[in-house]
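What's counted below: heavy atoms across the whole structure, side chains too, no hydrogens, waters or symmetry copies. Protein chains get the first letters and strands the later ones, always in sequence-line order, with residue 1 at the start of each. Source: prediction; values computed, not measured.
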Protein chains: 2
Amino acid sequence: MEAGLNLEEGKKGRITIRDVAAAAGVSISTASKALNGIGRMGEETRERVKRVAREIGFRPNALARGLLSKRSFTIGLLTNDTYGRFTLPVMAGISEALVDHGVSVFLCAIEDDPALGQIHVEAMLDKQVDGIIASGKRLDRSLPVDLSNLPVPVVYAYTEGPPDSVIFRSDDAQGARLAVEWLVKLGRRRIAHITGPESFFSVRERAGAYAQIAGDAEPVMYGIWAESWGREAVAQIWSRSGEKPDAIFCGNDQIARGVIDALRERAIRVPEDVSVVGFDNWEIMAEQTRPPLTSVDMGLKALGREAGLTILALAEGKPVEAGVRKLPCHLVVRESCGGSLED
Amino acid sequence: MEAGLNLEEGKKGRITIRDVAAAAGVSISTASKALNGIGRMGEETRERVKRVAREIGFRPNALARGLLSKRSFTIGLLTNDTYGRFTLPVMAGISEALVDHGVSVFLCAIEDDPALGQIHVEAMLDKQVDGIIASGKRLDRSLPVDLSNLPVPVVYAYTEGPPDSVIFRSDDAQGARLAVEWLVKLGRRRIAHITGPESFFSVRERAGAYAQIAGDAEPVMYGIWAESWGREAVAQIWSRSGEKPDAIFCGNDQIARGVIDALRERAIRVPEDVSVVGFDNWEIMAEQTRPPLTSVDMGLKALGREAGLTILALAEGKPVEAGVRKLPCHLVVRESCGGSLED
DNA sequence: AGGAGCAGAGAAAACCTTTTCTCACTTGAC
DNA sequence: GTCAAGTGAGAAAAGGTTTTCTCTGCTCCT
């Protein structure tokens, strides 16, 4: 047995295929073919090489391999979502989808700095990434960096992209319908909508879907993405004369939180008097409200998974149809509306 | 001018140094030396090569370069902090410190799955990372993966590591002192401490520092890391007979949030009647409380920066002293205590 | 027996860059 | 007019792997 007489092969550096070849008593080419399951050789030889490789702990150098194959099994994820509320679930989905294929992910947070973005893109290209996924915190804004005419494929996940690109985003209208229909199904008749700035595309989508079902008995209340706005909006509604809503559909979970707090301060019971539903299903927020918040989940992890599989397909040269793909939201039922999924 | 007659060099693939050499009418070696500012050659030649390279948009292939230099200018960040509350600031710091050096970061979220961790570590090693930074969500827990005896350096950032390793962590005792001394300075005399599970090292550190200053007039109240515990603890305190605290030092911002909510429900004014201070300075939480929460910031970004620079030094073969490095916390003053930094 | 065909395995090129070595030529000194 | 020293630039090897091509025997058929 030539192999096994060393735990720490004297020479410097990692174990290469050359060491495997020597230990197995074959040439480098034969070793390579044996390990990759290609080429012609005796079954006995192939097994011996494989065994030896395992014994001495050989792992192929991905750099060398990538140099030749022009595939680095690496992709870049570019995001301006510093806080990571949207990007992290997306990232988790991407990673989950790609780890099986041996692909690793460079994460680059570029804030909103075009120069920094440029630097990171160039660094990733230098490292021969197989593709780039652009991600953000807003569906109707682009990253501050030009990703057209890159030598690698690009897909966009939860961020705006150019017309002929592949874009994944949540179906906010469908998500809003889910929420409002749920309220209707629970018997609610006067449903208010307190949401973020009208300048946000998501806000308009959600408000549009809301209005289609709920009508215009209650006006949509646009504001900012903050608890304080939720509280203030409730104050406005309850200082008005006339009938009060029996349900409030909120543009995100922070607003919903403010709404719930304000309702409790007015001794209005949730969900008995008023049902509240949020958007984003930001667990750390939704689970800590009193009562826990029923909320629309945008399925960002699934979105990341799709984006990952798509960039992989593109990297492998498979054709992928361009266009916007809306992925469905789903409703996470907690206690702030009453009811349960079995009802 | 040989260069410039093509926007899209007919052949396939990216632009290599061979193209630069041809376009500049020199050999590959000369081109390389010119671009790297080494070797001997006429100043005119050097400038011409550089100019041509710029014109045709040459960028060296990092894979090829890494193959030779055995430096990939890539590091891995391993974390089990899925939610990213701790890892993201650390990551931002690392990235910020390393981008200037052309180093990119693989982010691998491994949940608490040892098998997944192993896969990611091996993938990173195959890709010849120059080093690995392990990070987590708890100072007294290790990642579920063995990082000893790796062929690359490892540093630990906000997670437990083996005795002879380089570990960066926040100085929680100092942070707690900062908070309590601030309360004392504002004239508070009965300071309570509502915090997380005693099993957490951070909790014991913070509680220890608290007790040293505040004494044992108020017992430390251990619970869970949730708003509900903050509310419940306040209920307990105010249902007891005897003098009530005039300040509450909370183990994290979520607890502080619950405390503030519970105090308001009792019509106890913050900060007039009771000062509240949190820990973590989790902005999205601290800024949305009423009033905004004064909180201890653990300086995770700086921690990441230090970890990044250290792994870089190790990768370059510079000696680095092993041991635990505690990085200082600082106090972010908002309104929940009264007072301002100028006082 | 002579050749076709095939099984098994190695040699060498290729990927792209860096670096060491070598070579040809010029200049200046004696 | 030689020699030494210096200048500018190219040839070649190295890094680890994959892949194509080539080579040597062997079997089997006629």
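In this entry the distance linking CG of A:Asp126 with C1' of C:dC15 reads 17 Å, nearest Å. For A:Ile17 and D:dG15, the CD1 to C1' distance is 14 Å, given to the nearest whole Å. Summarising the geometry, the separation between CZ on B:Arg18 and C1' on D:dA11 is reported as 13 Å, rounded to the nearest angstrom. Protein atom CZ of B:Arg46 is 14 Å distant from nucleotide atom P of D:dT7, rounded to whole Å. Rounded to an integer number of Å, the gap from A:Arg48 CZ to C:dG8 P is 13 Å. Counting to the nearest Å, the P atom of C:dC15 and the CG atom of A:Asn61 are 18 Å from each other. Regarding A:Ile38, its CD1 atom lies at a distance of 15 Å from the C1' atom of C:dG8, rounded to whole Å. The CG-C1' distance, from B:Leu68 to C:dC15, rounds to 13 Å in whole Å.
Judged by distance alone with a 3.5 Å cut-off, a donor-acceptor contact links the side chain of A:Arg40 to the base of C:dG8. You'll find a donor-acceptor pair under 3.5 Å spanning the side chain of A:Lys33 and the base of C:dG10, going by distance alone.
Two residues are said to be in side-chain contact when any heavy atoms from C-beta on lie closer than 4.5 Å; A:Thr310 and A:Phe168 meet this criterion. Residues A:Thr74 and A:Phe106 form a side-chain contact, since some pair of their non-hydrogen atoms from C-beta on lies under 4.5 Å apart.
For A:Asn36, a side-chain nitrogen or oxygen approaches OP1 or OP2 of D:dT18 to under 4.0 Å. Taking only side-chain nitrogens and oxygens, B:Ser27 never comes nearer than 4.0 Å to OP1 or OP2 of D:dA9. Here B:Thr30 does not reach the OP1 or OP2 of D:dG8: none of its side-chain N or O atoms lies under 4.0 Å away.
Within the model, atoms SG of B:Cys108 and CE of A:Met91 stand 6.5 Å from one another, a figure rounded to the nearest 0.5 Å.
When atom types are taken as modelled, the side chain of B:Ser69 and the backbone of B:Arg71 share a donor-acceptor pair closer than 3.5 angstrom. A donor-acceptor pair under 3.5 Å is absent between the side-chain atoms of A:Asn36 and the main chain of A:Lys33, judged by distance alone.
Set against D:dT17, C:dT17, C:dG10, the side chain of B:Ile28 has C:dT17 as its closest nucleotide. The side chain of A:Lys70 sits closest to C:dC15 out of C:dT17, D:dA9, C:dC15. Side chain of A:Arg65, nearest nucleotide from C:dT18, D:dA9, D:dT18: D:dT18.
Both A:Leu67 and A:Ser29 lie near DNA chain D, and the one whose nearest nucleotide falls closer to the 5' end is A:Leu67.
Using a 4.0 Å heavy-atom cutoff across all strands shown, A:Thr45 reaches sugar-phosphate atoms only and no base atom.
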